[in-house]
Colleague: 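Quick one: the structure is below, and I'll ask about it shortly.
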Amino acid sequence: MSTTTADEHHDDHHPSGIMRWITTTNHKDIGTLYLWFSFIMFFIGGFMALIIRTELFEPGMQFVDPQFFNSMTTMHAIVMIFGVVMPAFTGLANWLIPLMIGATDMALPRMNNWSFWILPFAFAMMLSTLFMDGGGPAGGWTLYPPLVLQTGDAFPFVIFAIHFMGMSSIMGAINVVATILNMRAPGMTLMKMPLFVWTWLITAYLLIAVMPVLAGGVTMLLTDKFFETSFFNAAGGGDPVLFQHIFWFFGHPEVYILILPSFGVISSIIPTFARKPLFGYSSMVYATASIAFLSFIVWAHHMFTVGMPLAGELFFMLATMLIAVPTGVKVFNWVCTMWRGAMTFETPMLFAIAFIILFTIGGFSGLMLAITPADFQYHDTYFVVAHFHYVLVPGSIFAIIAAVYYWLPKWTGHMYSEFWGKTHFWLSTIFVNITFFPMHFVGLAGMPRRIPDYALQFSDYNQIATIGAFGFGFAQIIFLGLVIATIRGGVKATDRVWEGAEGLEWTLSSPPPYHSFTTPPNVKGEWNWFTHQHYETVKTRS
Amino acid sequence: MKDNPIKHSLRYSLLGGLIALFSLDVSADIQPYNMTEGVTQISKEVFDLHMLIFYICCVIGIIVFGAMIVSLIRDRKSKGVPPADFHESVLLEFVWTAIPFAILIGIAIPAAKVLIDMEDVSDSEMTVKVTGYQWLWHYDYIDHDVDFYSVLKTSRNEIYNRSEKNENYLLEVDNELVLPTNRKVRILITSNDVIHAWWVPDLAVKKDAIPGYINQAWTEIDEPGIYRGQCAELCGRDHGFMPIVVRALPPEEFDAWVLQQSNKTVAGSQGSSISLQQSNKTVADSQGSNASLQQENKNIEQNALIN
Ligand code: HEM
Ligand SMILES: [Cu+2]
Ligand SMILES: [Cu+2]
């Protein structure tokens with residue numbers, strides 16, 4: 001814990017310029033670093049996606065070699081998952097958790113610095129493999145052996161990069177747990193914490209549980225390739241399917257790592273703009289916890305076609321279907337929060353509403369995929385591609401964008417331009433659907449995923465998807481411009497920013513002081529922003 | 001091709017967008033958009049399950065999104081109504097946990113029935129062993145003396161846009177897998193190198209081909225015809241170029257075909273140079289690895305136990 005100076009507004013002991021960012025242990029600086037890193041990786045990963053979509057614009061091979069195409073799909077996924085969504089959430093956690101629980105900073109500031117600065121090196125290493133002999137990794141982000149063992153010189157670098165990413169996430173997660181459990185303001189009981197804090201606490205436990213599993217799995221790949229072990233080599237008595245079990249034991253909780261913090265974001269935004277307390281706070285907490293629990297016992301739904309015993313298939317089908325129940329509870333609670341509220345539709349609210357609708361569509365296709373006999377037809381087709389893009393793009397990414405709009409005035413002290421925000425929203429929402437909705441159709445019609453060329457009957461929908469992808473990509477440039485403009489200046493934001501905003505972060509100035517709460521706020525007694533406190537605000541207003 | 005993909009794609013991307021707008025206009029016939037019903041009992045049952053769960057999702061969607069839209073229109077601050085303050089209801093939470101749960105059980109039962117049928121390979125009348133290679137398939141009619149390789153037939157000129165693409169572009173092979181209709185065929189699936197997946201949508205069969213494993217599936221085709229599928233597990237560079245074509249013949253014609261083929265094999269006239277190379281490689285491989293053979297046996301036993 002860095003000791004805090006009495007003067008909140010200037011920091012004499014702090015280096016300036018680039019060294020400020022390299023040596024910083026401040027949760028806001030580190031949060032900013034994470035968010036910018038994620039934003040840059042978003043454009044890199046997006047660029048790869050556009051290479052993929054360009055090649056898929058028409059049947060026939062036009063622009064790239066199939067091997068390079070495969071390495072684009074592989075890298076795109078790794079960049080988006082480990083380089084965009086996870087760092088963005090960690091950035092939000094860094095910025096917001098201390099503000100929300102009334103702490104000065106994160107509990108482990110030096111480790112915080114370390115966990116961020118590993119990332120640029122990990123990704124530089126991974127991206128550099130594109131220029132190596134044999135090209136980048138091209139076996140898919142799922143890294144299935146034996147195929148992945150055919151990777152050229154890139155192989156050990158990719159494995160080490162994944163190790164680094166894993167270490168970074170584990171450290172970030174430990175920091176989150178330590179902060180939440182130790183640094184809450186007096187009176188802030190667990191069941192008074194904002195849902196963003198709750199969802200992150202649970203996510204952090206998921207991370208700590210499964211990142212080491214991934215690390216173990218990829219290390220076994222490494223020794224299989226270089227040290228003559230045969231974990232996954234059938235000819236040596238090993239088992240290639242074992243890797244898939246290990247990978248998905250990590251992988252399915254991982255997809256919830258990619259969505260739970262979004263649930264927290266949406267649960268903050270909807271009540272603010274509906275001017276009504278979150279419906280079913282405690283059921284939201286329990287639903288998040290049950291999703292996290294269930295996420296450990298459904299992994300083999302990614303492996304229905306590997307030829308599991310019937311009993312296994314039945315079990316994983318039922319367990320997967322069960323996950324839809326707590327997920328449904330969340331959606332119902334959000335709708336009920338809006339019900340009989342007094343809504344306004346600023347940009348964060350628009351993104352949050354789009355999140356609920358489009359994420360639910362992704363949930364529906366998830367439910368369809370859970371039905372094992374039907375999954376035999378859906379598996380490894382564009383239907384699956386549509387499913388996970390619906391939960392990840394208008395799901396996780398929209399939630400991250402909504403969070404940025406929602407808290408940007410707090411972070412920068414300036415209001416962003418609603419006009420450009422709304423333009424960004426409408427373009428993103430329209431194009432994201434143009435891109436991903438047709439993928440359901442080509443998938444059902446029989447187009448496998450991860451192919452660089454396709455039969456003629458899939459042309460139309462692929463063309464539509466490609467147009468949508470370019471539209472979506474260009475819309476994000478508006479977002480970049482808007483964020484930069486807001487940092488530079490704009491209408492001064494009030495402390496509270498939004499009329500209906502509740503929570504400790506809104507009691508600080510905008511932007512907040514460098515060290516957040518030098519004296520912990522007291523939230524003992526009746527004080528509760530989900531009910532009482534909110535009620536007071538409404539009464540004084542009307 | 002490979003040396004400058006990024007520059008290429010940049011140059012063409014804008015152009016592509018423009019072309020897209022025009023060609024969309026022209027292509028009036030929008031292509032299939034739903035799962036195939038297929039040509040087997042099982043594929044039809046799978047299709048019905050797919051439609052059932054789809055309609056259930058639609059109904060839930062209409063209710064949830066409907067409520068949301070009502071709220072979005074009605075509950076606006078601009079209407080001047082102060083917000084309500086309710087924030088909890090144990091009854092509601094119970095209801096919207098219990099009802100979805102009941103619905104799910106309702107789907108799980110028919111789904112489990114179909115699944116049990118799909119996994120029941122007993123009483124099959126013949127067996128074909130399918131082996132995946134990078135990037136072709138090998139078919140072995142175990143009860144007859146027939147085996148051959150099956151390779152993509154589409155020419156490189158078509159793939160690289162130097163000539164017109166034919167209607168079965170990328171879905172055509174030199175030697176089709178010929179199967180009888182109205183006979184239960186057991187399909188054993190394995191691989192010689194990396195993991196592939198053998199998938200023919202019209203048969204609703206998709207099974208991974210995994211080295212060291214022999215997976216089983218079965219099919220009984222109702223109608224004669226040609227059914228096309230593709231490899232459905234990323235298997236390297238040419239994963240997109242190893243299609244599957246099944247030609248279903250009436251039983252008598254099938255028997256005649258098998259007879260003719262096994263004569264051919266005996267005469268030794270079968271096999272292109274590529275197939276020969278490949279089969280030599282296989283022989284060498286399997287000699288070198290007793291372990292993998294053992295493994296295969298073990299898996300056959302396991303599968304036998306399950307069924
Ligand atoms: C209602 C909840 C959900 C259910 C029932 C569900 C079910 C499934 C199933 C069965 C698959 C495997 C499909 C296949 O390969 O055949 C799948 C794939 C996938 N899901 Fe979900 N899912 C749900 C929510 C989510 C969420 C919230 C995310 C992430 C934000 C997610 C991300 C993914 C990804 C990334 C894949 C593909 C992985 C790959 O093969 O590369 N899903 N889902
Ligand atoms: Cu999963
Ligand atoms: Cu393949």
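So that the names make sense, note that chain A is the first sequence line, chain B the second, and so on, each numbered from 1. Excluded from the calculations below are hydrogen atoms, water molecules and symmetry mates; all remaining heavy atoms, backbone and side chain alike, are included. Model, not experiment: these values are computed from the prediction.
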Colleague: Tell me, side chain or backbone of Glu167(B) under 4.5 Å from chain A's heavy atoms, or both, or neither?
Modeller: backbone
Colleague: Which of the residues Phe47(B), Phe101(B), Phe241(B), Trp199(B) is involved in the greatest number of heavy-atom pairs with chain A at under 4.5 angstrom?
Modeller: Trp199(B)
Colleague: Would you mind checking which part of Ala111(B) comes under 4.5 Å of any heavy atom in chain A, side chain (CB onward), backbone (N, CA, C, O), both or neither?
Modeller: both
Colleague: I'd like to know which of Ile116(B), Thr36(B), Asp238(B) tops the heavy-atom pair count under 4.5 Å against chain A.
Modeller: Ile116(B)
Colleague: Could you go through Arg53(A) and Asn462(A), starting from their C-alpha distance and side-chain angles, then the distance that decides it, and tell me whether this counts as side chain to side chain contact (heavy atoms under 4.5 Å, CB included)?
Modeller: CA-CA 8 Å; Arg53(A) 284 309 331 163; Asn462(A) 273 293; 2.9 Å; yes
Colleague: Between the side chains of Asp65(A) and Arg237(B), is the shortest nitrogen-to-carboxylate-oxygen separation below 4.0 Å, so that they form an ion pair?
Modeller: yes
Colleague: Contact part of Gln377(A) toward chain B, heavy-atom cut-off under 4.5 Å: side chain, backbone, both or neither?
Modeller: both
Colleague: Does any heavy atom of chain A fall under 4.5 Å from the side chain of Leu104(B), the backbone, both, or neither of them?
Modeller: both
Colleague: Check each atom of Thr381(A) against the heavy atoms of chain B and say whether the ones under 4.5 Å are side chain, backbone, both or neither.
Modeller: side chain
Colleague: Among Leu115(B), Ile195(B), Leu170(B), which residue forms the greatest number of heavy-atom pairs with chain A at distances under 4.5 Å?
Modeller: Leu115(B)
Colleague: So Phe441(A) and Tyr33(B), would you call those rings parallel, tilted or perpendicular, with 30° and 60° as cut-offs?
Modeller: perpendicular
Colleague: Of the backbone (N, CA, C, O) and the side chain (C-beta and beyond), which part of Phe364(A) lies under 4.5 Å from a heavy atom of chain B, both, or neither?
Modeller: both
Colleague: Quick check on Ala274(A) against chain B: is it the side chain, the backbone, both or neither that has a heavy atom closer than 4.5 Å?
Modeller: backbone
Colleague: Is chain B contacted by the side chain of Leu147(A), its backbone, both, or neither, given a heavy-atom distance below 4.5 Å?
Modeller: both
Colleague: Just wondering, more than 12 heavy atoms not from Tyr286(A) lying within 6.0 Å of its OH?
Modeller: no
Colleague: Between Ile357(A) and chain B, which part of the residue has a heavy atom less than 4.5 Å away: side chain, backbone, both or neither?
Modeller: both
Colleague: Give, as side chain, backbone, both or neither, the part of Leu52(B) having an atom under 4.5 angstrom from any heavy atom of chain A.
Modeller: neither
Colleague: Does any N or O in the side chain of Thr337(A) come within less than 3.5 Å of the main-chain N or O of Phe279(A), such that one atom is a donor and the other an acceptor?
Modeller: yes
Colleague: Select one option (side chain, backbone, both, neither) describing which atoms of Asn168(B) are under 4.5 Å from chain A's heavy atoms.
Modeller: neither
Colleague: By a 4.5 Å heavy-atom criterion (distance strictly below it), what part of Arg74(B) contacts chain A: side chain, backbone, both, or neither?
Modeller: side chain
Colleague: Is Met338(A) close to chain B through its backbone or its side chain, or both, or neither, when contacts mean heavy atoms under 4.5 Å?
Modeller: both
Colleague: Where does Asn70(A) contact chain B at under 4.5 Å (heavy atoms): side chain, backbone, both or neither?
Modeller: side chain
Colleague: Given Met368(A) and His50(B), is the side chain to side chain contact (heavy atoms under 4.5 Å, CB included) satisfied, shown in steps?
Modeller: CA-CA 7 Å; Met368(A) 298 172 77; His50(B) 158 70; 3.6 Å; yes
Colleague: What part of Leu92(B) gets closer than 4.5 Å to chain A, counting heavy atoms only: side chain, backbone, both or neither?
Modeller: side chain
Colleague: Flag the one option from Ile53(B), Ile159(B), Asp75(B), Val194(B) with the top tally of heavy-atom pairs under 4.5 Å to chain A.
Modeller: Asp75(B)
Colleague: Should Glu172(B) and Lys165(B) count as an ion pair when the cut-off is N to O under 4.0 Å?
Modeller: no
Colleague: After noting the C-alpha distance and the side-chain angles of Leu444(A) and Tyr378(A), does the key distance pass the side chain to side chain contact (heavy atoms under 4.5 Å, CB included) rule?
Modeller: CA-CA 7 Å; Leu444(A) 292 175; Tyr378(A) 308 136; 3.5 Å; yes
Colleague: Determine, using ring centers only, whether His440(A) and Phe383(A) are less than 6.0 Å apart.
Modeller: yes
Colleague: Taking atom types as modelled, is there a side-chain donor on Thr344(A) or Arg275(A) under 3.5 Å from an acceptor on the other?
Modeller: yes
Colleague: Under a 4.5 Å heavy-atom cut-off, does chain A meet the side chain of Met68(B), its backbone, both or neither?
Modeller: both
Colleague: So for Thr154(B), is it side chain, backbone, both, or neither that comes closer than 4.5 Å to the heavy atoms of chain A?
Modeller: neither
Colleague: So for Phe65(B), is it side chain, backbone, both, or neither that comes closer than 4.5 Å to the heavy atoms of chain A?
Modeller: side chain
Colleague: Side chain, backbone, both or neither: which part of Glu93(B) has a non-hydrogen atom closer than 4.5 Å to chain A?
Modeller: side chain
Colleague: Does any heavy atom of chain B fall under 4.5 Å from the side chain of Asn233(A), the backbone, both, or neither of them?
Modeller: neither
Colleague: Which atoms of Ile210(B) come close to chain A, meaning under 4.5 Å heavy atom to heavy atom: side chain ones, backbone ones, both, or neither?
Modeller: side chain
Colleague: Does CZ in Arg162(B) sit with more than 12 non-hydrogen atoms of other residues, nucleotides or ligands closer than 6.0 Å?
Modeller: yes
Colleague: Select one option (side chain, backbone, both, neither) describing which atoms of Ala455(A) are under 4.5 Å from chain B's heavy atoms.
Modeller: both
Colleague: Under 30°, 30 to 60°, or over 60°: which ring-plane class applies to Phe332(A) and Trp96(B), parallel, tilted or perpendicular?
Modeller: tilted
Colleague: As a quick check of understanding, evaluate side chain to side chain contact (heavy atoms under 4.5 Å, CB included) for Met349(A) and Ile270(A), giving each step before the final call.
Modeller: CA-CA 7 Å; Met349(A) 181 64 162; Ile270(A) 299 282; 4.1 Å; yes
Colleague: By a 4.5 Å heavy-atom criterion (distance strictly below it), what part of Pro326(A) contacts chain B: side chain, backbone, both, or neither?
Modeller: neither
Colleague: Which atoms of Val331(A) come close to chain B, meaning under 4.5 Å heavy atom to heavy atom: side chain ones, backbone ones, both, or neither?
Modeller: side chain
Colleague: If you count heavy-atom pairs under 4.5 Å with chain A, which of Cys58(B), Ala108(B), Ala209(B), Pro100(B) comes out on top?
Modeller: Ala108(B)
Colleague: What part of Leu149(A) gets closer than 4.5 Å to chain B, counting heavy atoms only: side chain, backbone, both or neither?
Modeller: neither
